[in-house]
Engineer: 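Below you'll find the structure I mean.
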Protein chains: 2
Amino acid sequence: MVVPAKSLGKPPADRPSAAGDRLTEAIELLFFAYRDFISDPDEILAEYDFGRAHHRVVHFVSRNPGITVAELLNILRITKQSLARVLKQLIERGFVAQETGKQDRRQRLLYLTASGRELEERLAAPQRARVAAALEKAGPGAEDAWRTVLLELVNDEDRTEVEHRIARAPVEQR
Amino acid sequence: MVVPAKSLGKPPADRPSAAGDRLTEAIELLFFAYRDFISDPDEILAEYDFGRAHHRVVHFVSRNPGITVAELLNILRITKQSLARVLKQLIERGFVAQETGKQDRRQRLLYLTASGRELEERLAAPQRARVAAALEKAGPGAEDAWRTVLLELVNDEDRTEVEHRIARAPVEQR
DNA sequence: AAAATATGTCAACATGGCTGACATAAAATG
DNA sequence: CATTTTATGTCAGCCATGTTGACATATTTT
């Protein structure tokens with residue numbers, strides 16, 4: 001233990017890293033958890049020749065049937081050109097359908113098709129199982145704490161919106 | 001648990017998505033939290049013309065002074081060619097230093113230089129602040145729950161290793 | 001001496017971000 | 001009603017970072 005006394009300057013253990021830093025450990029845990037969490041659907045996506053970008057779109061369209069392109073962009077925080085690439089493929093191959101908005105005919109409301117819903121369920125299944133197992137192992141009460149911390153990690157400006165998004169009827173108005 | 005009769009017709013609200021699904025909500029929260037969490041260091045990285053890949057390397061070298069290339073690859077789960085690209089830049093520009101292993105002279109042990117430590121601290125600061133604030137808001141006990149759930153999200157095969165990694169003296173033997 | 005291991009490197013390719021420019025249709029506005 | 005703004009789409013090209021496959025070198029292990 002005790003790293004070799006090492007090169008240039010202080011042996012690292014003063015503060016920002018090395019051992020015993022609860023905060024850094026929490027940050028690192030988030031990396032590992034997320035790394036494995038997002039690895040689940042990759043094999044399924046590969047069957048379809050899709051990537052993680054497609055997964056995100058399928059997920060959020062599933063969660064927000066009738067979502068507009070603008071809303072989706074706001075969630076994903078990517079450019080419309082980036083979104084267009086994957087969205088086009090999802091539409092061409094029949095996983096996502098568009099409908100012209102009724103109030104505002106400029107909008108393209110997005111929905112999953114039957115195939116899209118099937119894909120979504122396949123992708124979600126392993127992630128749901130993983131989270132369910134983790135929450136169960138962590139015991140009762142862990143879920144609330146877990147959710148609270150995650151929500152608090154979100155940018156202040158976005159927290160209200162996220163809060164609404166994660167528990168609500170299908171979409172909003174339209 | 002029981003994937004409901006699927007759909008094809010019904011307005012989505014039966015299970016996989018829409019409202020009222022605690023598990024799906026938790027998954028989505030993880031997306032939003034991670035989205036904002038990793039956005040913090042981006043501006044700092046841009047100053048150096050570095051990307052997130054560089055951040056990851058700096059972080060794990062900081063946390064594991066003297067780590068070998070093979071260990072780093074195992075953590076990051078990328079190919080050595082991918083790692084080589086960013087590692088080379090970090091070394092050339094003086095943020096990471098290499099040393100030949102003393103027991104095994106084939107190994108290249110990695111360390112942060114003084115500049116590397118400085119960069120690491122700059123990058124870590126906003127993330128530490130964000131996590132600290134979130135844990136505080138969530139109240140006492142939240143941290144343990146949070147850590148437990150994250151650890152349980154990790155692949156079974158990797159959990160022991162991650163456990164050792166997040167709380168331990170610098171590296172192992174070498 | 002031979003095989004295995006740790007690392008590095010070259011080349012080519014894919015995904016999914018990005019910027020900038022421009023086009024169209026529909027809605028909103030004065 | 002003419003003009004402007006908004007929602008969306010699209011073309012072209014660039015960049016970061018992931019991938020595979022092949023091969024080279026030094027060192028350790030067998």
Side-chain angles (χ1 to χ4, degrees), chain A residues 31 34-35 38-39 41-43 45-61 66-92 96-110 173-174, chain B residues 31 34-35 38-39 41-43 45-61 66-93 96-110 171 173-174:
Chain A
F31 167 83
Y34 201 76
R35 179 194 70 178
I38 62 169
S39 75
D42 281 359
E43 292 164 42
L45 289 163
E47 289 176 34
Y48 297 78
D49 259 287
F50 284 153
R52 287 171 187 178
H54 301 86
H55 185 187
R56 280 176 228 127
V57 171
V58 166
H59 171 88
F60 284 106
V61 172
I67 193 175
T68 65
V69 171
E71 281 175 299
L72 196 47
L73 288 175
N74 179 52
I75 288 175
L76 299 175
R77 299 285 156 90
I78 59 176
T79 59
K80 68 175 172 178
Q81 295 92 327
S82 294
L83 174 58
R85 200 155 28 194
V86 293
L87 188 52
K88 197 174 184 178
Q89 293 167 3
L90 287 168
I91 291 169
E92 278 170 356
V96 170
Q98 287 178 313
E99 246 178 53
T100 298
K102 286 178 182 157
Q103 280 80 46
D104 187 336
R105 294 167 27 87
R106 288 172 304 182
Q107 295 180 331
R108 295 291 172 271
L109 311 188
L110 304 174
Q173 74 304 329
R174 187 145 299 123
Chain B
F31 167 83
Y34 201 77
R35 178 193 71 178
I38 62 168
S39 76
D42 282 358
E43 293 163 42
L45 289 164
E47 289 176 34
Y48 297 78
D49 260 289
F50 284 152
R52 288 170 186 177
H54 302 85
H55 185 188
R56 279 176 230 127
V57 171
V58 166
H59 170 89
F60 284 106
V61 172
I67 192 174
T68 65
V69 171
E71 281 175 302
L72 197 46
L73 288 175
N74 178 53
I75 289 175
L76 299 174
R77 300 284 154 92
I78 59 178
T79 59
K80 67 175 172 178
Q81 295 92 328
S82 293
L83 175 59
R85 199 153 30 195
V86 294
L87 187 52
K88 196 174 184 177
Q89 293 167 2
L90 286 168
I91 291 168
E92 278 171 357
R93 293 179 46 191
V96 171
Q98 287 177 313
E99 248 179 53
T100 298
K102 286 176 182 157
Q103 279 78 49
D104 186 338
R105 294 167 30 86
R106 289 172 303 182
Q107 295 181 332
R108 295 292 171 273
L109 311 188
L110 304 174
V171 111
Q173 75 307 326
R174 187 147 297 122

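Chain A is the first sequence line, chain B the second, and so forth, proteins listed ahead of strands; every chain is numbered from 1. Just so we're clear, the structure is a prediction, and the values are computed from it rather than from any experiment.
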Engineer: Rounding to an integer number of Å, can you tell me how far B/E92 CD sits from C/dG8 P?
Structural biologist: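 Distance check: B/E92 CD to C/dG8 P gives 12 Å.
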
Engineer: With a 3.5 Å distance limit and no angle check, can you tell me whether B/R93 reaches the backbone of B/Y48 through a side-chain donor-acceptor pair?
Structural biologist: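 Between the backbone of B/Y48 and the side chain of B/R93 there is a qualifying donor-acceptor contact (under 3.5 Å).
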
Engineer: Rounded to the Å, how far apart are B/L110 CG and C/dA6 C1'?
Structural biologist: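 So the two atoms are 12 Å apart, to the nearest Å.
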
Engineer: So which protein nitrogen or oxygen atoms get under 3.5 Å of nucleotides 27-30 of chain D's nitrogens or oxygens?
Structural biologist:
residue, atom, partner, partner atom, Å
D/dT27, OP1, B/R105, NH2, 2.8
D/dT27, O2, B/R106, NH1, 3.4
D/dT28, OP1, B/R105, N, 3.2

Engineer: Tell me: CG of B/L73 to P of C/dT9, nearest whole Å?
Structural biologist: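 About 14 Å, once rounded to whole Å.
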
Engineer: How would you summarise protein contacts on nucleotides 15-20 of chain D per nucleotide, using B for base, S for sugar-phosphate only and - for none, with heavy-atom distances below 4.0 Å?
Structural biologist: --BBBB

Engineer: Could you tell me which non-hydrogen atom of B/K102 sits nearest to which non-hydrogen atom of B/R105, and how far apart they are?
Structural biologist: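 Scanning both residues completely, I find the closest heavy atoms to be O-CG, 4.3 Å.
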
Engineer: Check the pair B/L109, B/T68 against side-chain contact (heavy atoms from CB on, under 4.5 Å), reporting the backbone distance first and the verdict last.
Structural biologist: CA-CA 5 Å; B/L109 311 188; B/T68 65; 3.7 Å; yes

Engineer: Of all the heavy-atom pairs spanning B/I78 and B/L83, show the shortest one and how long it is.
Structural biologist: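 Shortest heavy-atom separation between B/I78 and B/L83 comes out as CD1-N, 3.8 Å.
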
Engineer: Report the distance from atom CZ of A/R108 to atom C1' of D/dT6, rounded to the nearest whole Å.
Structural biologist: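 For the pair A/R108 CZ and D/dT6 C1', the rounded distance is 13 Å.
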
Engineer: Please give, in whole Å, the distance from C/dG8 P to B/L90 CG?
Structural biologist: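 Going from CG in B/L90 over to P in C/dG8 covers 13 Å.
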
Engineer: Mind calculating the distance between NE2 (A/H55) and C1' (C/dG17) to the nearest angstrom?
Structural biologist: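 Computing the A/H55:NE2 to C/dG17:C1' distance gives 19 Å.
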
Engineer: Got a second to check how far B/Q103's CD is from B/R106's CZ, nearest 0.5 Å?
Structural biologist: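 Here the rounded value is 12.5 Å.
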
Engineer: Count the heavy atoms of every other residue, nucleotide or ligand shown that sit under 6.0 Å from CD of B/E92, and state whether that count exceeds 12.
Structural biologist: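 Correct, the count exceeds 12.
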
Engineer: Could you state the CD-C1' distance from A/E99 to C/dA26, rounded to the nearest angstrom?
Structural biologist: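 Between C1' of C/dA26 and CD of A/E99: 18 Å.
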
Engineer: Using the ring of each side chain (for Trp, its six-membered ring), is A/F50 parallel, tilted or perpendicular to A/H54, with breaks at 30° and 60°?
Structural biologist: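 Parallel.
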
Engineer: If you apply the rule side-chain contact (heavy atoms from CB on, under 4.5 Å), what do you find for B/V57 with B/L110, and how did you get there?
Structural biologist: CA-CA 10 Å; B/V57 171; B/L110 304 174; 5.8 Å; no

Engineer: Just how far, in rounded Å, is P of C/dT7 from CG of B/L87?
Structural biologist: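 Nearest whole value for this atom pair: 11 Å.
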
Engineer: Within a strict 4.5 Å, meaning less than it, do heavy atoms of the B/R52 and B/R56 side chains meet?
Structural biologist: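 B/R52 reaches B/R56 side chain to side chain.
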
